[in-house]
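Beneath this line is the structure, given in structure tokens, with notes to follow.
Heavy atoms only: backbone and side chains are in, while hydrogens, waters and symmetry mates are out. In listed order, ligands and their atoms are each counted from 1.
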Amino acid sequence: MNQDILKKTVARLTNPPKGILAADESNNTCNKRFEKLSIPTTEEKRREYRELLITTPSIEMYISGIILFDETIRQSTKDGKSFTSILQSKGIDIGIKVDGGLEDFPSSLDEKITQGLEGLPERLKEYKTMGATFTKWRSVVNISDTLPTDACLRENADRMAKYALACQAEDIVPIIEPEVLLDGNHSIERCFEVTSHNLDILFSELSKQGVFIPGIILKTSMVISGKDNEVPIDPHKVADMTLKALQRHVPNDIGGIVFLSGGQPDEQATLHLNLMHNMGSLLWNLTFSFSRALQNPVLKHWSEKQDDIAGAQALLLQMAKINSQASMGQL
Ligand code: 13P
């Protein structure tokens with residue numbers, strides 16, 4: 001492992017004024033989003049849409065890296081230029097989702113574990129030849145009165161550590177994404193408790209297995225109440241409790257921290273990030289790695305006016321700019 005390469009990649013990805021665009025929706029997830037907007041769910045439509053995102057003029061001003069799905073990293077523009085060559089020419093780091101999605105956790109049927117370790121070293125080698133400098137692995141944490149179980153958190157942490165080590169062996173930066181889901185009616189306090197506990201388990205496992213902490217990026221959900229909780233969301237409380245969880249439960253020498261948007265309304269995710277940067281100086285880079293909170297308006301516009309690529313791209317640039325400002329507390 002070359003620690004210097006890993007640290008430099010983390011810095012490129014998370015240094016202000018930039019953040020990461022997550023465009024690694026699996027075909028299933030992408031198709032679900034297309035279906036809602038009556039876009040045909042074909043490989044060609046997914047390619048066209050990703051071409052729109054990747055070729056957005058000046059997007060590199062605000063976006064440091066783009067996470068792709070396996071289908072996308074192999075695709076090209078309609079003029080025959082590979083997506084990877086376009087990203088490299090813009091100085092945007094190429095990321096790739098390498099987990100294989102969720103599977104049932106046998107000891108607790110309401111929970112999921114993330115699969116994908118099988119064959120991972122070989123896949124990483126291939127992605128590296130395609131220019132990938134970072135990867136993503138997502139696990140999910142369900143909150144209820146009885147969940148999550150420690151057994152499930154530990155199994156996911158063990159797999160994440162093995163994934164991270166495999167990436168670092170190739171000088172590829174692993175993004176570690178334990179997403180605490182918004183589903184349910186839990187309070188923000190309960191989310192704080194679960195997020196904190198999970199981070200403790202995760203970082204203790206990463207250290208135990210010898211993961212180089214300055215050479216990873218944590219992609220986390222914000223500390224927020226469940227979407228069925230009726231208490232109105234207090235943005236200051238979200239920002240404050242999220243920072244407290246990160247400050248108390250993430251090692252200070254972590255390379256960088258980025259957020260997923262998780263289904264929060266777009267503006268709310270942006271506002272929370274901005275507020276966190278107005279609460280004093282932070283120990284680590286803290287920016288965005290949104291999918292929906294960057295792409296929602298873009299996809300909607302494109303679904304309504306598929307010929308207006310420039311209009312959809314202008315919206316993406318605008319969303320990226322606003323979130324870049326939020327990542328510096330400048331909104
Ligand atoms: P959202 O911002 O839509 O939550 O997606 C981020 C992501 O990468 C989920 O894995």
Practice prompt. Find the distance between CZ (R74) and CG (L68) and round it off to the nearest 0.5 Å.
Written response: 11.5 Å

Fill in: Heavy atom of K219, distance to ligand 1 below 4.0 Å
yes

Item to complete: On the 0 to 90° scale, with breaks at 30° and 60°, tag the W302-Y49 ring pair as parallel, tilted or perpendicular.
Response: tilted

Discussion item. Please check if the number of heavy atoms outside D79 that lie under 6.0 Å from its CG is greater than 12.
Written reply: yes

Discussion item. Regarding atom 2 (O) of ligand 1: of the candidates S139, A23, A293, S261, which has the closest heavy atom?
Written reply: S261

Discussion item. As an exercise, identify every atom of ligand 1 less than 4.0 angstrom from a heavy atom of E177.
Written reply: 7 (C), 8 (O), 9 (C), 10 (O)

Worksheet entry | Atom indices of ligand 1, in the order listed, that fall short of 4.0 Å to a heavy atom of A22 | 8 (O)

Worksheet item: Could E103 and R159 be called an ion pair, given the rule that one side-chain N must be under 4.0 Å from one carboxylate O?
Response: yes

Fill in: Reported CG-to-CE distance for the pair L315 and M319, which is rounded to 0.5 angstrom
8.5 Å

Item to complete: Just go through K136, Q264, E25 and tell me whose heavy atom is the nearest to atom 10 (O) of ligand 1.
Response: K136

Practice prompt. Check if G262 has a non-hydrogen atom at a distance under 4.0 Å from any atom of ligand 1.
Written response: yes

Item to complete: Between R292 and ligand 1, find which residue part has any heavy-atom pair under 4.0 Å and reply side chain, backbone, both or neither.
Response: both

